[in-house]
Amino acid sequence: MIEYFFEDIDQIQIESTIKEWLIQLIKSEGFKVGQVNYIFCNDEYLLKVNRDFLNHDYYTDVITFDYVKGKTVSGDIFVSLPRISENAEQLGSSFVTELKRVLAHGILHLCGYKDKTTQEAAEMRNKEEFYLALI
């Protein structure tokens with residue numbers, strides 16, 4: 001099950017087809033859907049999560065907490081909506097496209113993809129592009 005929550009930010013409307021797209025992404029990667037919670041928030045809320053849980057003192061667009069058990073994907077994915085808006089502007093993309101990219105990015109982390117090295121980041125970006133082309 002995929003659920004959306006909003007913390008310290010106004011709720012936005014998310015296309016109803018996105019949940020099904022994310023479920024298909026999980027299944028395409030060979031996993032089953034467990035409990036995935038997206039927590040949409042502002043920059044300051046996510047910065048606090050980053051400081052408190054990861055000892056990182058910088059802004060980010062997404063933080064994923066992995067609760068995967070075996071082949072069942074579960075986790076909490078925190079997403080900064082203002083950061084997505086800023087990233088979309090910088091990349092010359094739409095807010096909706098960048099939102100979908102970040103939603104997929106969080107799921108891909110839960111499916112085992114990393115992005116710490118240049119090679120890992122390139123593989124992650126390729127996967128994001130692949131799944132974005134399917135929606």
Side-chain angles (χ1 to χ4, degrees):
M1 178 186 288
I2 295 175
E3 295 190 77
Y4 303 137
F5 301 92
F6 295 85
E7 293 290 338
D8 291 348
I9 198 156
D10 291 336
Q11 189 169 340
I12 63 167
Q13 185 66 31
I14 300 173
E15 298 171 35
S16 60
T17 57
I18 291 181
K19 282 185 184 179
E20 188 56 40
W21 172 67
L22 293 168
I23 289 167
Q24 289 307 314
L25 186 163
I26 292 167
K27 290 178 179 178
S28 293
E29 290 294 324
F31 291 87
K32 293 185 257 178
V33 181
Q35 181 67 44
V36 177
N37 300 310
Y38 283 98
I39 300 94
F40 298 102
C41 56
N42 61 33
D43 279 340
E44 295 306 316
Y45 188 96
L46 195 52
L47 177 61
K48 183 169 176 21
V49 170
N50 212 6
R51 286 175 177 158
D52 291 351
F53 294 96
L54 302 176
N55 280 335
H56 297 157
D57 192 19
Y58 54 82
Y59 292 102
T60 188
D61 52 2
V62 61
I63 295 175
T64 303
F65 291 94
D66 182 336
Y67 310 131
V68 174
K69 288 194 171 132
K71 295 299 264 180
T72 303
V73 169
S74 296
D76 290 331
I77 302 171
F78 290 81
V79 177
S80 169
L81 295 178
R83 185 73 28 205
I84 288 175
S85 183
E86 187 175 306
N87 290 349
E89 189 175 308
Q90 289 176 354
L91 296 169
S93 180
S94 73
F95 174 83
V96 172
T97 298
E98 190 61 17
L99 176 63
K100 290 174 186 175
R101 178 183 311 284
V102 170
L103 297 179
H105 185 94
I107 293 288
L108 289 167
H109 272 308
L110 296 176
C111 291
Y113 291 92
K114 309 288 183 216
D115 58 4
K116 295 294 183 200
T117 69
T118 304
Q119 183 177 353
E120 289 172 343
E123 183 179 17
M124 176 74 84
R125 182 58 67 153
N126 287 338
K127 282 289 186 176
E128 291 168 4
E129 292 297 331
F130 173 80
Y131 287 110
L132 281 171
L134 297 179
I135 191 168

For F130, give me all partners under side-chain contact (heavy atoms from CB on, under 4.5 Å), at least two apart in sequence or on another chain.
L134
Under the rule for side-chain hydrogen bond (donor to acceptor under 3.5 Å, both in side chains), what residues qualify as partners of D66, not counting sequence neighbours?
none
Sequence-distant partners of F53, ring pair (Phe, Tyr, Trp, His ring centres under 6.0 Å), two or more places apart:
F65
Heavy-atom closest pair (V73 atom, I26 atom, distance to 0.1 Å) is CG2-CG2, 3.9 Å
Ring pair (Phe, Tyr, Trp, His ring centres under 6.0 Å) filter on F31, not counting sequence neighbours, yields none
Taken in chain and number order and not counting sequence neighbours, the residues that satisfy ring pair (Phe, Tyr, Trp, His ring centres under 6.0 Å) with F40 are Y4, F6
Residue list, side-chain contact (heavy atoms from CB on, under 4.5 Å) with S28, at least two apart or on another chain:
Y131
Salt bridge (Lys or Arg N to Asp or Glu O under 4.0 Å) contacts in which one or both residues fall within residues 101-112, not counting sequence neighbours:
E98-R101, R101-E128, R101-E129
Can you name the side-chain hydrogen bond (donor to acceptor under 3.5 Å, both in side chains) partners of Y45, sequence neighbours left out?
none
According to ring pair (Phe, Tyr, Trp, His ring centres under 6.0 Å), who are the partners of Y67, at least two apart in sequence or on a separate chain?
none
Kindly write out the residues that satisfy side-chain hydrogen bond (donor to acceptor under 3.5 Å, both in side chains) with D43, not counting sequence neighbours, or none if the list is empty.
S80, R83
Could you note down all residue pairs passing side-chain hydrogen bond (donor to acceptor under 3.5 Å, both in side chains) where residues 7-22 supplies at least one of them, sequence neighbours left out?
E20-Q24
Set of side-chain hydrogen bond (donor to acceptor under 3.5 Å, both in side chains) partners for K127, sequence neighbours left out
E29, Y113
